[in-house]
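Written below as structure tokens is the structure these notes are about.
A quick note: this is a predicted structure, and the numbers were derived from the prediction, not measured. Just so we're on the same page: letters track the sequence lines, and every chain starts at 1.
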2 protein chains.
Amino acid sequence: MLPPVAIDRKSPTPLYRQVYDGYRDAIVLRRLRAGERVPSTRDLARELGISRIPVLTAFEQLLAEGYFEARVGAGTFVARVLPEDFHEPSRKAAPPSASPRPGPRRVARAADPLLRDPEPWLGGRGPFRLSQPAVDRFPVQAWSSLVSRHLRNPRASLLHYGDPMGHAPFREAVASYLRTARGVRCEAEQVMVVSGSQQALEIAARVLFEPGAPVWMEEPGYVGAKDALTMAGARLVPVPVDGSGLDVTAGLAREAGARGAYVTPSHQYPLGVTMTAARRLQLLDWAHRSGGWIIEDDYDSEYRYEHLPIASLQGLDRDARVIYVGTFSKVLFPALRVGYVVVPADLVPRFAAVREAMDVCPPSLFQAVLADFIAEGHFGRHLRRMRVLYAERRAALVDALAQELPQLEVVGDAAGMHLAAALPPGTRDRDLAVRAAAQGLWTMPLSACYSGQPRRAGLVLGYGGVTEREIRDAVKRLRTLVIEPGGAAPHPPTPPRSS
Amino acid sequence: MLPPVAIDRKSPTPLYRQVYDGYRDAIVLRRLRAGERVPSTRDLARELGISRIPVLTAFEQLLAEGYFEARVGAGTFVARVLPEDFHEPSRKAAPPSASPRPGPRRVARAADPLLRDPEPWLGGRGPFRLSQPAVDRFPVQAWSSLVSRHLRNPRASLLHYGDPMGHAPFREAVASYLRTARGVRCEAEQVMVVSGSQQALEIAARVLFEPGAPVWMEEPGYVGAKDALTMAGARLVPVPVDGSGLDVTAGLAREAGARGAYVTPSHQYPLGVTMTAARRLQLLDWAHRSGGWIIEDDYDSEYRYEHLPIASLQGLDRDARVIYVGTFSKVLFPALRVGYVVVPADLVPRFAAVREAMDVCPPSLFQAVLADFIAEGHFGRHLRRMRVLYAERRAALVDALAQELPQLEVVGDAAGMHLAAALPPGTRDRDLAVRAAAQGLWTMPLSACYSGQPRRAGLVLGYGGVTEREIRDAVKRLRTLVIEPGGAAPHPPTPPRSS
């Protein structure tokens, strides 16, 4: 009998491993059958021309794992209990290794809507990619000295599993910041540390909504929120956004019994409008009376240029109906993966349980570092600097657009790190964005944010991570795309295409 | 008309904010009505005895946010468009702030099974808490100098959003490690970086299983896996574990058409047994023919004491049916929150899409650090040291149990960082564990890992994070609990209670 092992002396794989792998594969692929005899280690070593030691090691392992069995006085055999001997008729007829028909590869369909065609405007960084803060202005020095301080002598409590809600001192710091800067009514016990607003949305969707539950979604709205809600099984009810924010009356007309509403009241994503006081109160009244939940995604509210930041919707809520979501991705840097969600007190145990089942707890080090970063004033200082910087970049973008592309209507530039440039209704903004991406201009078409027929066309332009010079240059390049034949011209005969 | 604002000069809240908050709250609580006139800033400032500047700032903000409106020549008013003026009869009858019946607080029931009574054995660290590596032996020096190296001059690509699959050089390092050390067949493209095995299970469950899909679960088995699968809507089919691992024949008898199976073949959680070759092949054959998926949770396979580590089940798979899950929590430290999942190539886009919808991408810094930590040999060195250390601790525990509690049968001590000490069937192991926890001995009762009627009783003892001296002392203390009246004695008349 030929040994089923070919030895390659030049391979980096150790000899014992080659012997082990050879026999195991031969058994798995049914080249060796249950009960078949294998040579003695002495014979095999001689035959392969190698020392007996690797053969012994391999055989011991094959015995330990149950591929081989030793019979006293008779030698070593392929284990008789291997599956060939299980009495299943179908097996006898066709050994599975030779089976022509493997089973189907079925997967959950809930992920189907997430499998979109690649979106070219997400293909690079630079002008006008959304959600890119000025990471080159991040105070790396202060940050890394705090990291070193915590790493030098780490407390065991920061190395072991932590609280699913997060590190207590950091939650205190976040609660205090949110009370002062965002008018959020909360105690540290209500703050859960998450990896960013996306995880907050995912956990909130799991806790709040049964499969099939109708949920109001801003139209146009944030695709990431749609994904999290869809994956939880919620049924999205698109509710139009006008100049005052989500049109609550339209939502009541479409589905008054919705179980929740997703809103970005400080700076609507993508249109940039701020929800008015009237709409806020109307939305809270609906939630109070119907038992709906409001998810307030306050992703970039820290930057507001003409007035003080608008206080949170959560701070107006007297009925603990609002789940408040925020992130450090925009104010520090995205790869940090730290955000937070403020949870109504009675829902804290559910949020904690779902979080624990999803990923146990957040990593600890950066929570400890961030708590100090806030306490020692670095955070406030960085925010103030970035507010000035982004105000300059915004002004440069608004000016450049007014000069180069006066036909575009700028909306939503009062806050945040992006604005929308509206094109005549019916413009094929997606085609324009695809052509822009091919030239390194990463601008999202407004139509990509609609679930139904897009009512508006336009380009969403991020300016956080782009210098004023780059902005002016990029707007000039954008101009040639918009004014070229077929650029921003409405496509008269056909209705605007749905995304 | 009295101003609705009370000024507290001693409060740390700025004066403008007190004025703003006072008016806003009065409007939200309907003490001021839509269209009502407010005093001039001059009159209000005089009345409150403060300068006019904070009053002006507050009024500007209230105007900007839409709580106030200015009418030329007439003064400032509470905005008329506030919800009282929306024509809804129910509103007129009973303003919501006075509504006696707020809506229900409905939540998704999928989280109900996660809301368990507190488990006292999870209440502290120390002997014999599970899943606690020797974090005090972690090479902090080497680690923090690598962290500093990456932080000193961070590349922008490490600060921005990253690939949902993880940082490419780290995925290469993980793939190479898994091929060599665990016999996993994979390319870096199949490796997804996650926050630990829990997130891997959560994502796998979402991708693979429709709500209601039957999935084999080891009985007894890992509660964290049950939680992830349950939350995804899978229907768990408990399949008994015997001395050879999951009893595949029993699984076939219970539900041959299961859509998946969760297994811990290297070191079963909690019993510690290793799945034999025969069972592995039988399980793979079932998966191949039925189209079932196998989730292999290889959470602590790096530590094996009498033979070489058992190669992964995934490496035997010729049909891309195995989702291989591993973590750095046990081999480095849990608060790192870094793990990985090796995904069949055709499922990579789905795993990536679900991950992106859940939390976008993993944090980048520690991936870059870990890639170096592995490449520079720190990882291999630490693993070898810990294998020696845990072997000593295991020996100390086995010896101490043999001396102090010979009536307990030790199982599953060939690998990992825990073993199980079996008690006579019918012992109330949960009561024993509760009493042990009260004395600072954190041992999980075997019955807590059963979904149905527990077939075995016992205590699961972790020894990774406990010194030999602590182990000997703790076993002595455990002895007094076990032998005290009602301790380990079976409770004859009643059947064993279900967890």
Applying a strict 4.5 Å limit to non-hydrogen atoms, the region of B:Arg24 in contact with chain A is side chain
Heavy-atom distance under 4.5 Å to chain B: side chain of A:Pro309, backbone, both or neither?
backbone
Considering all heavy atoms of both residues, which atom of B:Glu202 and which atom of A:Ala357 are nearest to each other, and what is their separation?
OE1-O, 4.1 Å
Heavy-atom proximity to chain B below 4.5 Å, by part of A:Pro362
backbone
Could you check whether atom CZ of B:Arg155 has more than 12 heavy atoms from other residues, nucleotides or ligands sitting under 6.0 Å from it?
no
Heavy-atom pairs under 4.5 Å with chain A - which of B:Ser364, B:Ala335, B:Gly291 has more of them than the others?
B:Ala335
Using modelled atom types only, decide if a donor and an acceptor are shared between the side chain of B:Glu210 and the backbone of A:Arg109 within a distance under 3.5 Å.
yes
Most contacts with chain B, counted as non-hydrogen pairs under 4.5 angstrom, among A:Ala311, A:Pro211, A:Ala287, A:Pro349:
A:Ala311
Tell me, out of B:Ala353, B:Gly103, B:Pro133, B:Ala213, who's got the most heavy-atom pairs with chain A below 4.5 Å.
B:Gly103
Side chain from CB out, backbone as N, CA, C, O: work out which of these in B:Thr180 comes under 4.5 Å of a heavy atom of chain A, or both, or neither.
backbone
Flag the one option from B:Ser144, B:Ala320, B:Gly162, B:Gly315 with the top tally of heavy-atom pairs under 4.5 Å to chain A.
B:Ala320
A:Glu356 versus chain B, heavy atoms under 4.5 Å apart: side chain, backbone, both or neither?
backbone
May I ask you to test the B:Arg105-A:Asp346 pair for a side-chain heavy-atom distance under 4.5 Å?
yes
Checking heavy atoms, do the side chain of A:Thr57, its backbone, both or neither come under 4.5 Å from chain B?
side chain
Specify which of B:Gly292, B:Gly465, B:Ala277, B:Gly339 makes the most heavy-atom pairs with chain A at under 4.5 Å.
B:Ala277
Option in B:Val338, B:Leu159, B:Thr276, B:Asn153 with maximal non-hydrogen atom pairs under 4.5 Å from chain A
B:Leu159
Any side-chain heavy-atom pair from A:Leu114 and B:Arg206 closer than 4.5 angstrom?
no
Can you say whether A:Ile310 sits under 4.5 Å from chain B via the side chain, the backbone, both, or neither, judging by heavy atoms?
both
Counting only non-hydrogen atoms closer than 4.5 Å, does A:Leu201 touch chain B with its backbone (N, CA, C, O), its side chain (CB onward), both, or neither?
neither
So B:Asp25 and A:Leu316, do their side chains get closer than 4.5 Å, heavy atoms only?
no
Is any side-chain heavy atom of A:Gln199 less than 4.5 Å from a side-chain heavy atom of B:Met358?
no
Options A:Ala64, A:Ala228, A:Gly224, A:Gly196, ranked by heavy-atom pairs under 4.5 Å with chain B, top entry:
A:Ala64
Determine the option with the most heavy-atom pairs under 4.5 angstrom with chain B, choosing from A:Val360, A:Leu158, A:Val223, A:Leu284.
A:Val360
Side-chain heavy atoms of B:Arg125 within contact of A:His160, under 4.5 Å
yes
Structural part of B:Phe138 lying under 4.5 Å from a heavy atom of chain A:
neither
Using ring-ring contact (aromatic ring centres under 6.0 Å, His included) as the criterion, list what pairs up with B:Phe366, not counting sequence neighbours.
A:Phe366, B:Trp143
Using a 4.5 Å cut-off on heavy atoms from C-beta on, say whether the side chain of A:Val81 contacts that of B:Arg279.
no
Quick check on A:Arg179 against chain B: is it the side chain, the backbone, both or neither that has a heavy atom closer than 4.5 Å?
backbone
Can you find a pair of side-chain heavy atoms, one from A:Leu281 and one from B:Ile27, that are under 4.5 Å apart?
yes
Taking side chain as C-beta onward, heavy atoms only, is A:Phe209 less than 4.5 Å from B:Arg106?
no
Minimum heavy-atom distance between B:Arg350 and A:Asp112, given as atom pair plus value
NH2-OD1, 2.6 Å
Looking at B:Pro104 and A:Ser290, what are the two nearest heavy atoms and their distance?
CD-O, 3.9 Å
What part of A:Asp319 lies closer than 4.5 angstrom to a heavy atom of chain B: side chain, backbone, both or neither?
both
Nearest 0.5 angstrom please: A:Ser148 OG to B:Leu151 CG, how far?
7.0 Å
Return yes if some donor-acceptor pair links the side-chain N/O of A:Arg280 with the main-chain N/O of B:Glu65 below 3.5 Å, else return no.
no
Report which part of A:Val354 has an atom under 4.5 Å of a heavy atom belonging to chain B: side chain, backbone, both, or neither.
both
Is any side-chain N of the basic residue among A:Asp359 and B:Arg337 closer than 4.0 Å to the acidic one's carboxylate O?
no
